[in-house]
2 protein chains.
Amino acid sequence: MGVTSKQPTPRIRKSPEQVRSAVHQAVIDLLSASGGAELTIPAIAQHAGVNHTSIYRRWGSREALLADVVTTRLERDWPLNDTGTLRGDLTAWAEAGVASIRTPEGRLLVRAVALSMPSSGHMQAERAQHFQRRLHSIERIRERAAARGENPPPVEQILDQLIAPLYLRAIFGIDPPASGYPELLVDRLLGTTGAPGTA
Amino acid sequence: MGVTSKQPTPRIRKSPEQVRSAVHQAVIDLLSASGGAELTIPAIAQHAGVNHTSIYRRWGSREALLADVVTTRLERDWPLNDTGTLRGDLTAWAEAGVASIRTPEGRLLVRAVALSMPSSGHMQAERAQHFQRRLHSIERIRERAAARGENPPPVEQILDQLIAPLYLRAIFGIDPPASGYPELLVDRLLGTTGAPGTA
DNA sequence: ACGGTGAAGCAAACATCTGTGCTTACGATG
DNA sequence: CATCGTAAGCACAGATGTTTGCTTCACCGT
C-alpha cells in the first residue's frame with residue numbers, strides 16, 4: 001500500500017492533436033444529443049475527457065470553438081468542386097448540400113453556423129467567417145464561369161435561389177424533396193436550358 | 001428618525017401587466033444593443049426595473065421568454081394580410097418582411113426564432129411553433145387563391161423562393177437589394193405576368 | 001368592507017461557468 | 001543525452017446565473 005501510494009502524479013496527458021480531435025468530436029456529439037442547449041465548455045471538456053482549461057486556453061471562447069468545428073466539418077462534407085461548367089459546379093454544390101442536411105449532424109452544423117455568430121450590432125461587418133468564405137467561393141465559381149464565356153447570375157440571386165433554400169431547410173429541419181431537388185434549384189436559377197424540368 | 005424609519009416596505013410594485021410589458025421591451029432593447037450576447041435573465045430584469053425572480057417564475061427559462069417576445073412582436077410587425085389576389089398577398093408579405101429585416105431589431109428577432117429552437121433530434125417535429133404557424137398561414141393564402149381560381153405554387157416553392165431568402169438574410173444580417181426586392185422575389189415565384197422585370 | 005388568491009419583491013443559498021497561477025509531461029533541438 | 005519551449009493537467013478563486021422560502025401588496029369576489 002505504501003509503495004503504490006508513492007505516485008505523485010501518474011496523470012496521463014493527451015497530445016495537442018488528441019485534444020483537438022477529442023474536443024471536436026465532443027462538440028459534434030453534444031450538438032447531436034442536446035441540440036446546442038447544453039453546449040457548454042465544461043460539458044464539452046468532460047465529454048472529451050479533457051480538462052476544461054485546455055479548451056479555454058486554446059480556443060478562448062465557445063463561439064470560437066464552434067466556428068472552428070463548423071468550418072472544419074462543413075468544408076469537408078460540403079465542398080465546392082470544379083466540374084468544368086457553371087451548371088455542373090452549382091449542381092454539385094447543391095447535391096453535397098442536400099446530402100449534408102439529410103443527416104442530423106449536418107443540420108446541426110449549419111445551425112451552429114448561425115449560433116457561432118456574435119452578431120453584436122457593431123460587428124455586423126464581420127459576419128460568420130464560414131459564411132463569408134462560402135460566399136467568396138461562390139464568387140470564384142462565377143469568375144471561372146465568366147472566363148469561359150458563360151453568363152453567371154449575380155451573387156445575390158445565387159444566394160436567394162440556391163444557398164437560402166438549403167440553409168433554411170437545414171436550420172429549421174425541413175427535409176428537401178425526395179428526388180431531383182438539386183437539379184430543380186439550379187434549373188430555377190439558370191433556366192431550363194433544353195430540359196423542361198418544371199412541370 | 002424613529003418615524004421615518006418606520007417604513008417596513010415602501011416598495012413599489014408593478015402590476016403583472018406592467019411587468020410583462022417592461023420585460024418585453026427590455027428584451028427588445030438588449031437585443032438591439034448587444035445583439036443577444038448579454039441577453040441574460042438578470043440583465044433583462046435590471047433593464048426592465050423588475051426583480052429577476054419575477055421573470056424566472058413567470059417564464060421559467062430564457063428560451064421561453066424569447067419565444068414569447070419573438071412571437072408577439074413578429075406577428076405584429078410581419079403580419080399576413082389579405083389583399084384579394086395571390087400576388088398581392090405574397091408581395092405584401094415580402095414587403096413587410098423586408099421592412100422588418102432592415103431594422104436590427106427585426107433581424108435579431110428572426111434570428112432568435114432560429115436559435116431558440118430546442119432542435120434536440122427527437123424534438124424534430126416540434127420545431128419552432130412560430131415557423132409552423134407561419135407555414136400554416138401561407139397555406140391559407142394558397143387556399144384562398146385556389147378558391148379564386150388562381151393557381152398557387154406549392155408550399156415548397158414558396159418556401160424556397162420567398163421565405164428562405166428573407167429569413168436567411170435576416171439570420172445572417174445580409175441587407176436585401178435597395179429597391180424592388182419584394183416584387184423581384186414574387187416575380188421569380190409566380191413569373192412576370194405581363195411585366196418584364198428581370199433584365 | 002372583508003378576506004382570499006395570485007403574483008411581485010426581497011434575501012440568501014445553490015449551482016455553474018469563467019479565468020488564473022502553478023506544476024508537469026511530451027517533443028524538439030543542440 | 002541534456003536542455004528548452006510548449007501545452008496539458010490540477011487546484012482554487014472569482015463572478016455570474018439559477019433557484020427557493022418567505023413576506024407583502026394588489027386585485028377580485030363575496
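Chain naming here is simple, since letters A, B, ... match the order of the sequence lines and numbering starts at 1 in each.
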* To do: Considering non-hydrogen atoms only, spot the tightest contact between B/Val98 and B/Pro176 and give its length.
  => CG1-CG, 4.1 Å

Return the value, rounded to whole Å, for the distance between atom [atom1] of [X] and atom [atom2] of [N].
{"X": "A/Glu17", "N": "C/dC26", "atom1": "CD", "atom2": "C1'", "result": "15 Å"}
{"X": "A/Glu63", "N": "C/dT18", "atom1": "CD", "atom2": "P", "result": "11 Å"}
{"X": "B/Ile44", "N": "D/dT18", "atom1": "CD1", "atom2": "C1'", "result": "14 Å"}
{"X": "A/Trp59", "N": "D/dA7", "atom1": "CH2", "atom2": "P", "result": "12 Å"}
{"X": "B/Arg62", "N": "D/dT19", "atom1": "CZ", "atom2": "C1'", "result": "17 Å"}

Salt bridge between [X] and [Y], side-chain N to carboxylate O under 4.0 Å?
{"X": "A/Arg140", "Y": "A/Glu143", "value": "no"}
{"X": "A/Arg169", "Y": "A/Asp175", "value": "no"}
{"X": "B/Arg87", "Y": "B/Asp187", "value": "yes"}
{"X": "A/Glu75", "Y": "A/Arg134", "value": "no"}

* Starting at the 5' end of DNA chain D, which residue's closest nucleotide do you reach first, B/Ile41 or B/Ser15? ->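 That would be B/Ile41.
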
* **Backbone N/O of B/Pro16 and side chain of B/Arg58: donor-acceptor pair under 3.5 Å** => yes

* Give a yes or no on whether a donor-acceptor pair under 3.5 Å exists between the nucleobase atoms of C/dC26, that is its base, and the side chain of A/Arg13. => no

* **Rounded distance [0.5 Å steps], CZ in A/Arg73 versus CG in A/Leu108** => 12.0 Å

What N/O pairs connect the protein and nucleotides 14-16 of chain D at under 3.5 Å? Give each pair on its own line.
none

* **Student check: side-chain heavy atoms of A/Leu166 and A/Trp93 closer than 4.5 Å** =>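 In short, these two side chains touch, coming nearer than 4.5 Å.
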
* Mind running a 4.0 Å heavy-atom check of residues 49-58 of chain A against DNA chain C and sending the residues that fall below it, in number order? => A/His52, A/Thr53, A/Tyr56, A/Arg57

